[in-house]
Protein chains: 2
Amino acid sequence: MATPQRRTVRDVRKGNRAMLLRTLYFDGPASRNDLTALTGLSAATVSTMTGDLLSDSIIVEAGQVDSDGGRPRVLLRVNPRYGYAIGVDVAETHVRVELFDLGMTELARVEYALRPARHDVELIARHILAGIDVVLADAGIPSEQVLGVGVGVPGIVESGADALIHAKTFGWDGVPMGSLLRAGTSLPLFVDNGAKTMGQAELWFGSGRGAGSAVIVLIGSGVGAMVITDGVTLRGVSRSAGEWGHIKVVVGGRSCRCGGQGCLEAYIGAEAILARAGVETRTSGWQEALAQLLTSGSPVVEETVTYLGVGLANLINLVNPERIVIGGWAGLLLGERLLPDIRRAAGDNSLAQPFAATSIVLGRLGPDAVALGAATLVLEQFLTSTPAARIPAAG
Amino acid sequence: MATPQRRTVRDVRKGNRAMLLRTLYFDGPASRNDLTALTGLSAATVSTMTGDLLSDSIIVEAGQVDSDGGRPRVLLRVNPRYGYAIGVDVAETHVRVELFDLGMTELARVEYALRPARHDVELIARHILAGIDVVLADAGIPSEQVLGVGVGVPGIVESGADALIHAKTFGWDGVPMGSLLRAGTSLPLFVDNGAKTMGQAELWFGSGRGAGSAVIVLIGSGVGAMVITDGVTLRGVSRSAGEWGHIKVVVGGRSCRCGGQGCLEAYIGAEAILARAGVETRTSGWQEALAQLLTSGSPVVEETVTYLGVGLANLINLVNPERIVIGGWAGLLLGERLLPDIRRAAGDNSLAQPFAATSIVLGRLGPDAVALGAATLVLEQFLTSTPAARIPAAG
DNA sequence: GATCTTTTTTCGAAACTTAGATTATCTTCT
DNA sequence: AGAAGATAATCTAAGTTTCGAAAAAAGATC
């Protein structure tokens, strides 16, 4: 019952323009004529609106297409060079900065290694700021053309200008990444949990594409989920929704690094799986170890499938989504070999009705999609808040 | 990424009119002047819009209020007699039909007893249709003035015109309640799960009021939940979202009547609690038995609190709501005595961040609110789809 | 009764979409 | 080669809607 927003006649324009742009981005290239059909707007409106967008060079012409004996259609598409988005992946071992054009083609990247147990916020912030300069210089893009910077970080990210981060593994508690970066750059910032940015990538460009309501499940060392209904992500009142990894599946069960007991993460998190199987967990080589374990026929694998199935079933019962996408490096590893078993386990533990309505699929994007997803936050902003004309660089 | 809807300038009007009406309903009576502040619309717009609504007699004047030396404000409010809503509660033992005006004041009711194990759909449909006639005759309201009929039924309700119902306890599987009723009346119908209509009542008129995002948890013999974000209820792709009772909290745990194992309902459902305590469950007298058990100091009570806490914690972690409302007859019974313990148990099993953002409160409406909530579905429709002027009865 | 104060209505302007007419551009038939 | 036909895109006029400002309404105060 939040106070609804008043609408004025200009919001109509804004909304329609955003819709047109979004349509063109995902279904483009398309002719003006196609757009009238796709958007439901009248030909006149499409014409004036595309005119505006063309003169702002947000969209460009993309060749012609013959019609059976009439004026040929001229195709339009979003100008990938209208602006650029930067995505940053802050992980345990590295900080990676990538530069994308609006078509999400990678133009440049740079990576800084982090020494383990040396996660100084200010150092990382310096890496990010330096990385931004480097990728821009590499690609020869002036910073005025960058629409924003998305940053994927570990832990819980609180909303607000400061983007306070709580990440136990990094020893961060209330670290103001937002204000630290804002001190060094004036570019618009979008900070979110790295798993969630990866999910964002999967949702927009991977297996989640086209689903009206979906849950993207992310399994790595940690475990999380994104719930999307009608295209919008469930964020929760303090933006920490989706902590799927810490729902309890066994009351009084295994201890979890969050301090609780019986968390799902304590059974299906990569670290937890290996620990349960008694595999020596060297700090590196987890991926290999897990891959090896999966082929070993260990009973732990079967157990893991059951727990994962239960976790998915809980989502199915509670959210009743159209699609569940399994992602994260450990999730992909598990899914590759065991997807049918996982599906069965989920079915065994959920109600028939909602289970029948849900398809469980594997993510298509690798675990490297964190930066891509972070950049997608910028893209999302660009597509929804209808952009005005670029102010040309003074001079 | 569902196809977004085009907007035309008339949608603006519709939206603003709906917003104004909603504001007036919840914050009324209010003067035109107050409304400009509350809605953010200009005085001019409020004036023309209230003019329309007044001449349609959707709203009426409600006295004046002096101002410090100026023209006195005339107060406006929604006309409670503009139309009427009927709410129906289909339960194990009875079918109850209630008539409300738009202010949700009950004007008439009628109840039909059901013999246990005699849940013939057609009989129940006949009871409902007869009940509608009876309450209308009692209150002297012509049926043209009824805006719709809301029906709360057990089990899972599938969307669509037929309103297919799956209710194991009634032995219903795919019962087309919607089309059965539509054969006997031309009034608009809204069919939903009874627990959900009760939640709807709690959300609109009980403890959920004013919360932007909330979860309403319903514990009776069965267990369910409604998740509300930004004022809209999460329904899921096949409208069966919110099956909180069948999330698994103990892998391989107690058998549930759904056929699964370790369901939450198998621990905190009223029937399950009594069974675990070894209380003889006569078909009647459950409420008394449960109330007695709660005072008995049985260890089962403490266990129940723990399981309930886990269930709530899972919601908190996953959804991160602003408020959780505990309802349902068993939920109210538990909460009355044990709310602090329940809160503690929820806190013990959820992450600190989201837990701190959530307040856990007790429902205010009794278990009789099913029919009220069903009628609220009609009210919701009335307030959101801006109603046109009533076509006066021919004559 | 004149003046002040506050509320409500009226009026013209600006923004937006639409339907229908018009112009542009290419194909095909004679 | 030129006219006719067909399809695409633009232009024009009309109809909504909200908004700001000014005017009108209605009572309080001196």
(Q) On DNA chain D, compare the nucleotides closest to A/Thr8 and A/Thr50; which residue's is nearer the 5' end? (A) A/Thr50
Q.
Is A/Thr45 close enough to C/dT18 that one of its side-chain N or O atoms is under 4.0 Å from OP1 or OP2 there?
A. yes
Q | Side-chain N,O (B/Arg10) to OP1/OP2 (C/dT17) below 4.0 Å | A | no
Q: Provide the closest heavy-atom pair for A/Ala241 versus A/Gly236 in the form atom of the first, atom of the second, distance.
A: CB-N, 3.8 Å
Q | Residue A/Ala44, side-chain heavy atoms: nucleotide from C/dT17, C/dG20, D/dT18 that is nearest | A | C/dG20
(Q) Categorize B/Val46 for me: base, sugar-phosphate, or nothing, with a 4.0 angstrom heavy-atom threshold over every strand shown. (A) nothing
Q. Judged by modelled atom types alone, do A/Asn320 and B/Ser238 share a side-chain donor-acceptor pair under 3.5 Å?
A. yes
Q: Remember a base hit wins even if backbone is also touched, and classify B/Val12 as base, sugar-phosphate or nothing at under 4.0 Å, heavy atoms.
A: sugar-phosphate
Q: Give the nucleotide from the list C/dA19, D/dC19, D/dG27 with an atom nearest to the side chain of B/Gln64.
A: D/dG27
Q) Under a 4.0 Å N-O cut-off, is there an ion pair linking B/Arg77 with B/Asp27? A) no
(Q) Any donor-acceptor pair under 3.5 Å linking the side-chain atoms of B/Asp34 with those of B/Ser31? (A) yes
Q. If you pin B/Val9 and B/Val74 to their nearest nucleotides in DNA chain C, which one's is more 5'?
A. B/Val74
**Q.** Salt bridge flag under 4.0 Å for residues B/Asp56 and B/Arg17
**A.** yes
Q. Any side-chain N or O of A/Ser47 under 4.0 Å from OP1/OP2 of D/dT10?
A. yes
Q. The side chain of B/Pro72 lies closest to which of these nucleotides: D/dT18, D/dG27, C/dT7?
A. D/dG27
Q | Rounded distance in Å - CE (A/Met49) to P (D/dC11) | A | 16 Å
Q. How long is the line joining CZ of B/Arg13 and C1' of D/dT17, in whole Å?
A. 7 Å
Q. Of the nucleotides D/dA21, D/dT10, C/dT8, which one has an atom closest to the side chain of A/Ala43?
A. D/dT10
Q.
Expressed as a whole number of angstroms, how long is the span from B/Glu61:CD to C/dT8:C1'?
A. 12 Å
Q) Is B/Asn16 near enough to D/dT17 that one of its side-chain N or O atoms lies under 4.0 angstrom from OP1 or OP2? A) no
Q) OP1 or OP2 of D/dA8 less than 4.0 angstrom from a side-chain nitrogen or oxygen of A/Arg73, does that happen here? A) yes
